[in-house]
Amino acid sequence: MKAAAFFPATRSLQVVTDLAEPQITTPTGVKLRMIDVGVCGTDREVTHLTIGYPPAGSEYLVIGHEGIGEVIETGPEVTGLKPGDLAIPTVRRPCTDPHCRGCRSGRSDFCSTGKFTERGIMGIHGFMTERIVDEAEFLNPVPAELRHAGVLVEPLTIAEKSLLQAEQIQKRLPWGLDPAQCNCVVLGAGPVALLGALALRIRGFAVAVYSLEREPNPMADVLRAVDARYFSSQECSIEQLAEALGSIDLVYEATGAARFAFDVLRSVSPNGIFLMAGIPPHRPAAPYEIEELMRSLVYGNRCICGSVNASKIAFERAVEDLTAIHHKWPDALRSLITGRFPMERFSEPILQPTGIKNIIEITP
Ligand SMILES: [Zn+2]
Ligand SMILES: [Zn+2]
């Protein structure tokens, strides 16, 4: 069986052809024929050795964590999935520590030991291969109409988990997180940011995306099509942005640019929430006025919430939202996928990313 693999010892990306086809070994196992697998910055970081490692005893890691596949076989105790159905696997698998409350509650996205594994990233092979086997509990059914867009579900779950937390946290306000009274700013215009903007728009929030690139650019075109606004940080200061919007009640940060993020944080309105999903690179510490930051958090009831990974609940919401987006803005959704590559060329979009979202077609 063919698979797209990363060899850490030589830091090389190669298609391997000798991977054994996985077999169902439990009554609740499911075998999928992979259709599409998305490429993202995490794959690039794996090749930079910043994160990730192969399974024990393997000299390579099969990469790919944003996958959609078709069920071709199920164990005798599987319910809710049958051959022919489309399914999307979650990425993280729980740690084995009996004291980890997150993993023992079925919420490995809140794992507190850090000893979890992740398919295609940490210690387990990923989805950029012809067939995979996984437990039914880690698979999410998707409607057949999402066959060509379903690969966007996993990157959308990052925003969905953040939003679920924002909804919980803003219950502290008597009026909650009311889309009619909440101006949202998304930082960044990469796929995770744009999908976050779409998730907010489909829920009726006013959305402005604030990012580096000047207009015209394809990301701003996508946003215009869904009635979201676009502001370039090269043409509009944070103060001008705050003035243009009137208030900034929710920020979804998806750039990992720490200085930029904390500068925007100063303009968040009282009672606002700042969701951090981007991961900054390791750099020498930069000075920051922490007294002013702390004063602003306390006096303004402002809240910062970090969010990583996503649970099955976030996957279910992502499938629901992507279906609604597919119905309402089919062209905007389609225009997010800008490159399709065969497995033989999988290294190209990882090493030289272009466009918005690139995917590897496993089954064209
Ligand atoms: Zn990803
Ligand atoms: Zn855990």
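Counting from 1, the numbers follow the sequence of the chain as shown. Every heavy atom of this structure was used, including side-chain atoms; hydrogens, water molecules and symmetry mates were not. For ligands, and for the atoms within them, numbers begin at 1 and follow the listed sequence. Keep in mind that this is a model prediction, so the values were computed, not measured.
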Does [X] pair with [Y] as a salt bridge, N-O distance under 4.0 Å?
{"X": "E361", "Y": "R345", "result": "no"}
{"X": "K2", "Y": "E344", "result": "yes"}
{"X": "K161", "Y": "D109", "result": "yes"}

### Task
Have a look at the Zn ion (ligand 2) and estimate, to 10 degrees, the angle subtended by SG (C100) and SG (C111).
110°
### Message
Given the Zn ion (ligand 1) as the apex, I'd like the angle to OE2 of E66 and NE2 of H65, rounded to 10 degrees.
### Response
120°
### Query
Hey, is the Zn ion (ligand 1) within less than 2.8 Å of some N/O/S atom on E154?
no
### Task
Measure from NZ or CZ of R93 to the centre of the six-membered ring of F138 and say whether it is under 6.0 Å with the direction within 45° of the ring axis.
yes
